[in-house]
Amino acid sequence: QVQLVESGGGLVQAGGSLRLSCAASGLTFSLYVWAWFRQAPGKEREFVAGIRRSSISPSYADSVKGRFTLSRDNAKNTVDLEMNSLKPDDTAVYYCAANRAIATISRDREYDYWGQGTQVTVSS
């Protein structure tokens with residue numbers, strides 16, 4: 001049974017930092033593409049960052065480029081999202097997602113496995 005469990009969300013002031021972590025079990029972590037998405041109230045879910053199996057260079061949404069850093073640890077079966085210089089617009093529920101084969105890393109419909117989400121709230 002595949003399980004993805006996110007942690008690390010919380011309340012932070014604008015300009016602050018948070019580190020989200022997604023712990024995976026029930027699958028061969030290194031064979032999967034991993035991504036973070038987020039969904040703010042009243043908005044559609046949107047891509048934040050993703051990394052392919054090669055782990056060479058993550059992809060980022062323009063809105064977070066330069067502020068967020070995604071990393072994966074194949075030994076620990078975790079994928080982390082370091083978030084710096086947070087803005088109120090970053091407020092959302094953040095989800096990690098995974099799948100074996102992904103054509104377009106930013107397309108949420110391509111991911112079969114999802115975590116339950118962790119709330120990130122950035123106050124102004």
Side-chain angles (χ1 to χ4, degrees):
Q1 180 183 357
V2 175
Q3 279 193 316
L4 307 182
V5 180
E6 301 98 336
S7 61
L11 173 64
V12 64
Q13 288 188 331
S17 299
L18 283 174
R19 187 179 183 91
L20 306 183
S21 185
C22 175
S25 60
L27 49 71
T28 304
F29 184 90
S30 61
L31 298 181
Y32 282 71
V33 177
W34 293 90
W36 285 91
F37 289 81
R38 68 186 182 186
Q39 188 166 22
K43 295 186 177 181
E44 293 189 352
R45 186 164 54 192
E46 65 174 358
F47 171 78
V48 176
I51 187 166
R52 293 189 179 275
R53 287 175 287 182
S54 62
S55 303
I56 294 176
S57 179
S59 301
Y60 297 95
D62 288 343
S63 59
V64 307
K65 205 169 291 182
R67 301 188 297 121
F68 290 12
T69 302
L70 184 149
S71 59
R72 63 184 292 167
D73 188 329
N74 289 342
K76 295 182 179 179
N77 286 7
T78 57
V79 56
D80 292 351
L81 187 69
E82 180 74 29
M83 306 186 297
N84 298 314
S85 302
L86 283 162
K87 305 174 182 179
D89 284 349
D90 295 318
T91 294
V93 178
Y94 284 70
Y95 300 90
C96 72
N99 206 358
R100 286 285 299 268
I102 298 289
T104 303
I105 202 167
S106 61
R107 188 177 298 162
D108 61 353
R109 71 188 67 163
E110 297 200 32
Y111 292 83
D112 286 344
Y113 301 109
W114 292 84
Q116 82 288 349
T118 185
Q119 176 71 47
V120 171
T121 303
V122 184
S123 63
S124 56

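- Each of I51 and I105 belongs to its own hydrophobic cluster when Ile, Leu, Val, Met, Phe, Trp and Tyr are linked at side-chain heavy-atom distances under 4.5 angstrom.
- Judged by distance alone, the side chain of R19 and the main-chain N or O of E82 form no donor-acceptor pair under 3.5 Å.
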Using the salt bridge (Lys or Arg N to Asp or Glu O under 4.0 Å) rule, take D90 and K87 through it: C-alpha gap first, then chi angles, then the decisive distance, then the call. CA-CA 5 Å; D90 295 318; K87 305 174 182 179; over 6 Å; no
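- Side-chain heavy atoms closer than 4.5 Å link hydrophobic residues (I, L, V, M, F, W, Y) into clusters, and following such links, even through other members, never connects F37 to Y32.
- Interatomic distance, OG of S85 versus CZ of F68, reported as 9.0 Å (0.5 Å rounding).
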I'd like to know whether V48 forms a side-chain contact (heavy atoms from CB on, under 4.5 Å) with L81, so could you lay out the CA-CA distance, the side-chain angles of the two residues, the decisive distance to 0.1 Å, and finally the verdict. CA-CA 9 Å; V48 176; L81 187 69; 4.0 Å; yes
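- Residues R38 and Y94 bring a donor and an acceptor atom of their side chains to less than 3.5 Å of each other.
- Crowding of K65 atom NZ: a count of heavy atoms from other residues, nucleotides or ligands under 6.0 Å exceeding 12.
- One N or O on the side chain of E110 and one on the backbone of A103 form a donor-acceptor pair closer than 3.5 Å.
- Looking only at distances, no side-chain donor or acceptor of E46 sits under 3.5 Å from a matching main-chain atom of Q39.
- R67 approaches L86 most closely through the heavy-atom pair NH1-CA, 3.8 Å.
- At least one donor-acceptor pair under 3.5 Å links the side chain of E6 to the backbone N or O of G117.
- A perpendicular orientation is assigned to the rings of Y95 and W114, their planes being inclined by more than 60° (bins at 30° and 60°).
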Checklist line | Verdict with supporting geometry, L11 and T121, side-chain contact (heavy atoms from CB on, under 4.5 Å) | finding: CA-CA 5 Å; L11 173 64; T121 303; 3.7 Å; yes
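- Side-chain N or O atoms of S59 include none that pairs as donor or acceptor with a backbone N or O of A49 at under 3.5 Å.
- Closest non-hydrogen pair, G9 versus L20, comes out as N-CD2, 3.5 Å.
- Linking ILVMFWY side-chain heavy atoms closer than 4.5 Å, directly or via other members, places F29 and Y111 in two distinct hydrophobic clusters.
- Residues Q13 and V122 fail the side-chain proximity criterion, which asks for heavy atoms closer than 4.5 Å.
- A chain of hydrophobic side-chain contacts below 4.5 Å, direct or via other Ile, Leu, Val, Met, Phe, Trp or Tyr residues, connects L4 to L70.
- Closest approach of V5 and Q116 over heavy atoms only: CA-OE1, 3.8 Å.
- A continuous path of ILVMFWY side-chain contacts below 4.5 Å connects Y113 to V79, so both sit in one hydrophobic cluster.
- Checked against a 6.0 Å centroid threshold, the rings of W36 and F47 do not count as neighbours.
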Working for side-chain contact (heavy atoms from CB on, under 4.5 Å), residues R100 and V33:
CA-CA 6 Å; R100 286 285 299 268; V33 177; over 6 Å; no
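- Here the OG1-CZ distance, from T104 to R109, works out to 9.5 Å after rounding to the nearest 0.5 Å.
- Cation-pi geometry between R53 and W34 is not satisfied (NZ or CZ under 6.0 Å from the ring centre, within 45° of the ring normal).
- Formation of a donor-acceptor pair under 3.5 Å by the Q3 side chain with backbone atoms of G26 is not found in this model.
- Side-chain atoms of D73 and T78 include no donor-acceptor pair closer than 3.5 Å.
- Closest non-hydrogen pair, S124 versus A14, comes out as CA-CB, 4.4 Å.
- Side chains of T91 and V120 form no contact here, defined as non-hydrogen atoms less than 4.5 Å apart.
- Residues N84 and S17 come closest through the heavy atom pair OD1-OG, 2.8 Å.
- For the 3.5 Å distance criterion, the side chains of S21 and D80 qualify, holding a donor opposite an acceptor.
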